[in-house]
Amino acid sequence: MRYCDGPLLVLAGAGSGKTRVIAAKIAHLVDRGVDPAQIIAITFTNKAAREMRERAQTLLARQDRADAVSKLVICTFHAFGLMLLRREAKAAGLHPGFSILDPGDLEGIVAELVATADRARARAAQWRISAWKNALVSPAAALAQAASDDEQVAARAYAHYDDTLAAYRAVDFDDLIVRPLALLDADAEVAGRWQDRCAHVLVDEYQDTNPAQYRLLRALVGARTPFTAVGDDDQAIYGWRGATLDNLAQLPRDYPQLKVVKLEQNYRSTVRILRSANALIGNNRKLYAKKLWSDLGHGEPIRVAPMGDDETEAQRVVDRIAGMKFERRAAYGDFAILYRGNHQAQAFETALRARGIAYEISGGQSIFERSEIKDIVAYLRLIANDDDDPAFLRAVAAPRRGVGRTTLARLADVAAQRHESLFAATFSPEVAQAVPARQRDSLVEFCGLVNDLRYRAEREPAGRLLDELLARSGYEAWLVDTLDKRDAQARTKSVREFTDWLARKGEADARNLVELTQMVALVTMLDGRDSDRVDAVRLSTIHAAKGLEFPHVFVVGLEEGILPHREAVAADDVEEERRLMYVALTRARQSLHLSWCRTRRRAGERVAGQPSRFIGELAQEDLRYADAPRTAEEATAEKAAGAARLASLRAMLSQ
DNA sequence: TAGAGATTAGTTTTT
DNA sequence: CTAATCTCTA
């Protein structure tokens with residue numbers, strides 16, 4: 001670990017203290033006199049970045065180098081790409097206030113390019129385009145290799161897609177990787193500058209990098225910079241996003257002097273949990289052989305429970321959590337319910353709410369998907385970049401300002417004729433002709449507000465500008481008038497929460513409004529201030545739970561077709577599903593509970609299900625099967641018994 | 001332009 | 001069978 005001068009690959013098994021290792025290495029580098037501003041640590045998620053910063057902070061404080069923390073660059077690939085593009089906007093041919101389009105905007109753009117009203121079709125094309133970008137396939141190459149009709153359509157849209165984005169002076173998520181890479185490849189001067197900036201690069205979750213990310217890494221590291229890659233081939237679960245284990249296999253070939261270190265001791269789970277996880281993953285072909293071990297004791301058997309249907313499953317899991325909380329003096333925060341797809345959360349939400357148990361959903365819809373937040377973000381994007389037509393369309397309609405479909409259609413005609421944005425077209429003589437005075441005044445006033453705020457965006461604190469935006473646009477007043485009281489209150493609150501958070505963020509990191517706007521596009525959830533404090537059961541997709549651990553874990557919905565997912569089985573990619581199961585199992589510290597449903601409601605119909613093949617692949621001697629009640633009476637009786645037990649426990653507790 | 005009713009689609013993971 | 005989106009009418 002103290003090897004600092006060359007390329008290093010750390011194969012870190014689940015629960016082997018991966019984050020700790022990276023944080024320790026960062027602290028060690030600082031200790032050796034490396035300039036903290038030249039240490040670049042790249043993670044996969046915002047959450048991981050935050051965690052790593054916290055760990056590094058603790059270690060550095062111990063070394064009396066707390067000052068170094070704020071200089072460290074610890075961020076996601078995408079945030080790093082954004083930073084590079086911002087600093088090199090000119091060389092990259094970008095407007096400094098460029099927008100980062102959200103997936104909804106992009107769906108609309110793609111739908112128009114493929115001339116379809118069918119959302120599923122548009123999304124499929126959008127997905128194809130993204131996959132091509134991440135695989136570094138150009139539009140021309142995509143057109144040449146597109147096999148099916150659908151791919152042909154997507155490839156033709158791809159050719160115009162980048163032009164459309166350029167017209168809006170906008171980029172998409174993938175561009176935050178691809179464009180910095182193109183810039184570093186094309187411009188030796190810029191590349192040299194950034195390579196000099198890096199004294200040491202660390203990459204977390206290396207197994208989840210895609211070809212574009214790997215190339216970016218190589219362009220950054222060059223021949224001189226030492227780096228540390230940390231990963232685990234058994235936890236590669238982002239193949240669908242273009243991540244490829246080839247990057248892991250390729251590393252020793254690209255860097256012959258690569259040192260490889262394996263971490264095989266698990267500090268998290270009991271022997272039984274690990275034995276089952278090892279048995280499961282033994283069914284996959286291996287890139288690097290590795291066997292996790294633990295000295296945390298045998299532990300209790302893994303419970304496997306077939307359930308009648310998904311509703312019963314939710315109820316019984318929640319009952320069990322309530323029971324265990326008292327029996328084991330555990331906190332709700334010690335429990336996690338993990339599932340394959342977001343929609344599976346619903347039954348559990350309902351069950352938890354019925355019991356009055358606090359829960360928190362991660363990986364679900366974030367506050368950035370709420371319409372009122374999108375409205376505010378649209379204003380911010382427009383302030384940063386007035387060519388952002390999607391943002392214009394959203395902001396101009398919230399609040400309603402007497403400008404309707406007809407007016408906007410006329411404005412769009414003028415803009416198209418003049419080859420300029422909706423914003424710019426507002427001030428053209430043609431609009432004076434095409435649009436009645438009243439509507440035009442509204443538009444001009446709207447644009448005037450945006451202009452004023454833009455003018456001040458770099459000089460004044462973000463908090464004040466945000467307050468002014470809410471007041472002068474009439475947005476806050478509109479929320480209050482239009483909606484019935486309760487809804488309005490909730491929305492006003494979430495808007496306030498959001499603007500307060502932004503203002504604080506701006507102050508803490510000394511960012512102006514434009515910089516904050518770009519950052520917001522990459523953030524999926526507000527920094528967890530209450531999430532740490534609230535004692536709540538965690539509901540999460542397995543993907544979103546990677547890197548986390550819980551004393552008690554329930555993995556639910558373990559049926560053929562769900563895990564492994566139907567599509568994955570059809571595509572003959574069961575290995576990635578198995579890794580997903582492996583990740584789920586290895587989140588658990590003490591107790592692990594697996595369940596599957598005999599029938600499940602889907603589209604109003606009951607569908608029969610088979611237990612997942614993965615249950616059969618576990619270490620059978622460590623499992624304990626529980627049978628579901630057979631009849632409705634038994635189920636009712638059990639429910640009543642459960643409720644009674646819960647009531648008596650509650651009574652005991654309240655004494 | 002906004003709200004209420006009709007209609008239709010839902011099948012995986014996310015920066 | 002929901003829930004979200006769309007369409008029509010006031």
Side-chain angles (χ1 to χ4, degrees), chain A residues 42-49 75-82 100-103 106 117-121 123-124 126-127 130-131 133-134 171-178 205 208-210 212-213 236-243 310-311 338-347 350 362-366 368-369 371 397-408 439 442 478 481-484 518-525 540-546 557 559 561-571 573 576-577 579-581 583-584 600-607:
Chain A
I42 297 181
T43 64
F44 212 60
T45 63
N46 296 305
K47 195 170 58 191
C75 62
T76 63
F77 261 108
H78 296 266
F80 177 81
L82 171 62
I100 302 165
L101 262 37
D102 76 47
L106 292 165
D118 182 355
R119 289 188 65 180
R121 250 182 118 76
R123 252 187 253 168
Q126 188 184 352
W127 190 86
S130 168
K133 275 200 179 188
N134 280 307
V171 301
D172 62 19
F173 283 142
D174 304 322
D175 285 329
L176 294 174
I177 309 298
V178 175
E205 306 283 12
D208 287 327
T209 52
N210 65 33
Q213 288 164 332
I237 55 175
Y238 284 95
W240 52 275
R241 236 174 84 186
D310 45 343
E311 220 172 288
L338 306 182
Y339 37 79
R340 176 65 224 259
N342 274 312
H343 67 277
Q344 289 172 262
Q346 213 203 2
T350 314
S362 53
Q365 70 288 24
S366 70
F368 292 94
E369 276 149 51
S371 66
R400 301 275 117 92
R401 38 172 65 81
V403 173
R405 278 221 325 262
T406 324
T407 305
L408 288 175
Q439 274 75 341
S442 285
W478 177 63
D481 298 346
T482 331
L483 302 150
D484 60 287
Q518 290 174 333
M519 179 208 70
V520 157
L522 297 183
V523 176
T524 42
M525 252 166 296
S540 172
T541 62
I542 300 170
H543 283 88
K546 193 167 73 155
E559 290 130 62
I562 294 180
L563 188 68
H565 194 269
R566 268 178 78 231
E567 303 288 316
V569 175
D573 196 13
E576 177 153 317
E577 299 292 301
R579 290 193 291 265
L580 198 53
M581 176 79 171
V583 168
R600 177 176 288 278
R601 275 195 129 81
R602 207 170 58 183
E605 270 178 308
R606 284 188 122 56
V607 191

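Residue numbering restarts at 1 for every chain, and letters A, B, ... go by the order of the sequence lines. Quick note: numbers below take in every heavy atom, side chains included, and nothing from hydrogens, waters or symmetry partners.
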Which nucleotide sits closest to the side chain of A/Thr76: C/dC1, B/dT15, B/dT14?
-> B/dT15

So, do A/His78 and A/Ile177 sit near enough that their side-chain heavy atoms are less than 4.5 Å apart?
-> yes

Measure the distance from CG on A/Asn342 to C1' on B/dG10 and round it to the nearest whole Å.
-> 14 Å

Is any side-chain N or O of A/Arg241 under 3.5 Å from a base N or O of B/dT13, one able to act as donor and the other as acceptor?
-> no

CD of A/Gln126 versus P of B/dT12: gap in Å, rounded?
-> 16 Å

Look for any protein N or O under 3.5 Å of an N or O in nucleotides 3-5 of chain C and output each such pair with its distance, or none.
residue: C/dA3; atom: OP1; partner: A/Gln346; partner atom: NE2; Å: 3.3

Not counting sequence neighbours, which residues clear salt bridge (Lys or Arg N to Asp or Glu O under 4.0 Å) with A/Asp102? List them please.
-> A/Arg381

Is the distance from OP1 or OP2 of B/dT15 to the nearest side-chain N or O of A/Asn210 less than 4.0 Å?
-> no

Should A/Tyr339 and A/Ile542 count as side-chain neighbours, where that means a heavy-atom distance under 4.5 Å?
-> no

Taking the side chain as every heavy atom from C-beta outward, state whether A/Phe173 and A/Ser130 have any atom pair closer than 4.5 Å.
-> no

Length of the line joining A/Leu338:CG and B/dT13:C1', which is rounded to integer Å = 13 Å

When the P atoms of C/dA4 and B/dT11 are considered, how many whole Å apart are they?
-> 11 Å

Could you tell me whether the phosphate oxygens of B/dT15, OP1 or OP2, come under 4.0 Å of any side-chain nitrogen or oxygen in A/Asn46?
-> no

Distance test, side-chain N/O of A/His565 to OP1/OP2 of B/dT12, below 4.0 Å = yes

Value in whole Å for how far the P atom of B/dT13 lies from CD of A/Glu577 | 12 Å

Interatomic distance, A/Asp175 CG vs B/dT15 C1' [rounded to whole Å] | 13 Å

Whole-Å distance between B/dT13 P and A/Phe44 CZ?
-> 16 Å

Per the atom types in the model, does the base of B/dT13 pair as donor or acceptor with the side chain of A/Trp240 at under 3.5 Å?
-> yes

Test item: A/Gln213 and A/Phe80 side chains (from C-beta on) under 4.5 Å apart, heavy atoms = no

Nearest-Å distance for atom pair CG/P, residues A/Leu563 and B/dT12 = 13 Å

For A/Arg123 and B/dT13, what is the distance between atoms CZ and P respectively, to the nearest whole Å?
-> 11 Å

Results of salt bridge (Lys or Arg N to Asp or Glu O under 4.0 Å) for A/Asp208 - residues two or more places apart only = A/Lys546

Does a nitrogen or oxygen in the side chain of A/Thr541 sit under 4.0 Å from OP1 or OP2 of B/dT14?
-> yes

Tell me, do A/Arg241 and A/Asn134 make a side-chain contact under 4.5 Å, heavy atoms counted?
-> no

